[in-house]
Amino acid sequence: MKNKTTRPKNIAYLLILILLNTSVVFAQAPTDISHEKALKVLLAAKEKAEQTGVLVNIAVVDAGANLKAFIRMDDSFLGSIDVAIKKAKTSRYFDINSGDLGKLSQPGGIIYNIELSNGGLMTFPGGVPIKNENGKIIGAIGVSGGTIEQDHEIASAGADSINK
């Protein structure tokens with residue numbers, strides 16, 4: 001008899017522990033970009049694109065490389081949607097500007113063909129890590145639609161806005 005009455009109590013305790021711990025799992029880590037900051041980065045990049053007259057797609061990912069914010073400027077290229085997202089993810093996966101990773105992945109480079117990993121990477125400029133005030137990477141931004149120089153400039157303007 002004793003076994004039968006303690007089993008439901010043990011299960012109840014186990015369920016309570018699981019419920020208490022799941023709130024920690026789903027809580028936002030302090031090293032993750034908030035939606036407010038993601039929007040700030042996105043809008044700063046959009047403003048830079050408008051100043052330079054470039055129509056782009058802009059993606060911001062969080063510390064886990066999950067899409068956090070996105071905008072497709074009117075009349076920007078449809079094909080650049082995926083490119084912008086992949087530039088942001090590439091930058092976050094390796095904590096490096098996507099263009100810098102591209103330099104290492106050229107034929108004969110030390111990581112040649114890395115762009116074939118992770119479901120496809122974008123190893124040309126336009127992806128930039130986003131750092132908090134302590135220099136910790138909390139996400140990344142990817143921009144696509146202009147030249148690679150314009151994409152990088154716009155992404156950098158967005159990333160740099162985070163701590164202003």
Side-chain angles (χ1 to χ4, degrees), residues 24-52 54-164:
V24 174
V25 173
F26 294 112
Q28 185 165 340
T31 57
D32 200 1
I33 192 167
S34 67
H35 73 271
E36 290 94 356
K37 288 187 178 185
L39 289 173
K40 180 179 181 179
V41 168
L42 184 82
L43 293 174
K46 179 180 172 282
E47 183 179 328
K48 181 67 173 179
E50 289 171 340
Q51 289 171 358
T52 56
V54 181
L55 300 175
V56 294
N57 291 280
I58 306 164
V60 176
V61 297
D62 63 18
N66 301 297
L67 188 62
K68 189 77 173 196
F70 179 84
I71 190 167
R72 178 177 173 257
M73 294 176 70
D74 293 343
D75 299 321
S76 63
F77 295 118
L78 290 173
S80 292
I81 295 170
D82 185 54
V83 175
I85 294 168
K86 285 186 176 175
K87 284 181 180 182
K89 286 183 172 194
T90 298
S91 182
R92 178 58 189 116
Y93 285 156
F94 297 99
D95 295 338
I96 189 172
N97 288 344
S98 58
D100 292 340
L101 188 67
K103 292 174 187 173
L104 301 172
S105 65
Q106 295 303 307
I110 60 172
I111 53 174
Y112 178 61
N113 278 337
I114 196 167
E115 64 276 2
L116 303 176
S117 71
N118 295 288
L121 302 175
M122 289 295 154
T123 58
F124 42 89
V128 176
I130 300 169
K131 297 178 183 179
N132 66 13
E133 61 277 356
N134 299 320
K136 179 78 175 162
I137 295 175
I138 58 173
I141 182 172
V143 175
S144 180
T147 65
I148 57 173
E149 293 83 8
Q150 291 168 327
D151 290 352
H152 178 74
E153 182 181 350
I154 294 165
S156 293
D160 292 344
S161 74
I162 192 86
N163 297 310
K164 291 182 180 177

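One-based numbering along the sequence shown.
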Enquirer: Apply side chain to side chain contact (heavy atoms under 4.5 Å, CB included) to the pair Val128 and His152, showing each step before the final yes or no.
Expert: CA-CA 8 Å; Val128 176; His152 178 74; 4.0 Å; yes
Enquirer: Take a 6.0 Å sphere around CG of Asp75 and say whether it holds more than 12 heavy atoms from other residues, nucleotides or ligands.
Expert: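 No, because the 6.0 Å sphere around CG of Asp75 holds 12 heavy atoms or fewer from other groups.
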Enquirer: Return the set of residues passing side chain to side chain contact (heavy atoms under 4.5 Å, CB included) with Lys48 (not counting sequence neighbours), or none when no residue passes.
Expert: Gln51, Thr52, Glu153, Ile154, Ala157
Enquirer: Only distances under 3.5 Å count here; give the side-chain donor-acceptor pairs of residues 116-123 to other protein atoms, sequence neighbours excluded, each with its distance to 0.1 Å.
Expert:
unit_1: Ser117; atom_1: OG; unit_2: Ile114; atom_2: O; d: 2.7

Enquirer: Flag the pair Lys68 / Val61 as yes when at least one side-chain heavy-atom distance between them is below 4.5 Å, and no otherwise.
Expert: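 The answer is no; the side chains never approach within 4.5 Å.
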Enquirer: Hey, could you give me the CD1/CG distance between Ile130 and Asn163, rounded to the nearest 0.5 Å?
Expert: 10.5 Å
Enquirer: In residues 101-109, what donor-acceptor pairs under 3.5 Å come from side-chain atoms, sequence neighbours left out?
Expert:
unit_1: Ser105; atom_1: OG; unit_2: Leu101; atom_2: O; d: 3.4
unit_1: Ser105; atom_1: OG; unit_2: Gly102; atom_2: O; d: 3.1
unit_1: Gln106; atom_1: NE2; unit_2: Gly102; atom_2: O; d: 2.9

Enquirer: Any chance you could measure Ser34, atom OG, to Asn132, atom CG, to the nearest 0.5 Å?
Expert: 10.5 Å
Enquirer: Over all heavy atoms of both residues, which pair between Val56 and Gly146 is shortest? Give the atoms and the distance, please.
Expert: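 Val56 and Gly146 have their closest heavy atoms at CG1-N, 3.8 Å.
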Enquirer: Can you name the residues that form a side chain to side chain donor-acceptor pair (under 3.5 Å) with Glu133, not counting sequence neighbours?
Expert: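 Side chain to side chain donor-acceptor pair (under 3.5 Å) check on Glu133 returns nothing, list empty.
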Enquirer: In chain order, what residues pass the side chain to side chain contact (heavy atoms under 4.5 Å, CB included) check against Ile81, with sequence neighbours excluded?
Expert: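 Side chain to side chain contact (heavy atoms under 4.5 Å, CB included) check on Ile81 returns Asn57, Phe70, Arg72, Leu78, Ile85.
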Enquirer: State whether the side chain of Asp62 and the backbone N or O of Gly64 hold a donor-acceptor pair below 3.5 Å, judged by distance alone.
Expert: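 Yes; judged by distance alone, with no hydrogens or angles, the pair exists.
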Enquirer: Give every residue pair that meets the side-chain hydrogen bond (donor to acceptor under 3.5 Å, both in side chains) criterion with at least one member in residues 85-100, sequence neighbours excluded.
Expert: Asp82-Lys86, Lys87-Asp151, Arg92-Asp95
Enquirer: List for me each residue that meets salt bridge (Lys or Arg N to Asp or Glu O under 4.0 Å) alongside Glu50, sequence neighbours excluded, and say none if there are none.
Expert: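 Counting only residues at least two positions away or on another chain, Glu50 forms a salt bridge (Lys or Arg N to Asp or Glu O under 4.0 Å) with Lys46.
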Enquirer: Nearest heavy-atom pair of Ala155 and Gly126: which atoms, and what distance?
Expert: CB-O, 3.4 Å
Enquirer: Can you name the closest pair of heavy atoms from Gly142 and Ala88 and give their distance?
Expert: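 In terms of heavy atoms, the two residues are closest at N-CB, 3.4 Å.
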Enquirer: Quick check for you: to the nearest 0.5 Å, what is the distance between Lys136 atom NZ and Asn134 atom CG?
Expert: 10.5 Å
Enquirer: Which side-chain N or O atoms in residues 37-45 pair as donor and acceptor under 3.5 Å with protein atoms at least two apart or in another chain?
Expert:
unit_1: Lys40; atom_1: NZ; unit_2: Ser161; atom_2: O; d: 3.3
unit_1: Lys40; atom_1: NZ; unit_2: Lys164; atom_2: O; d: 2.6

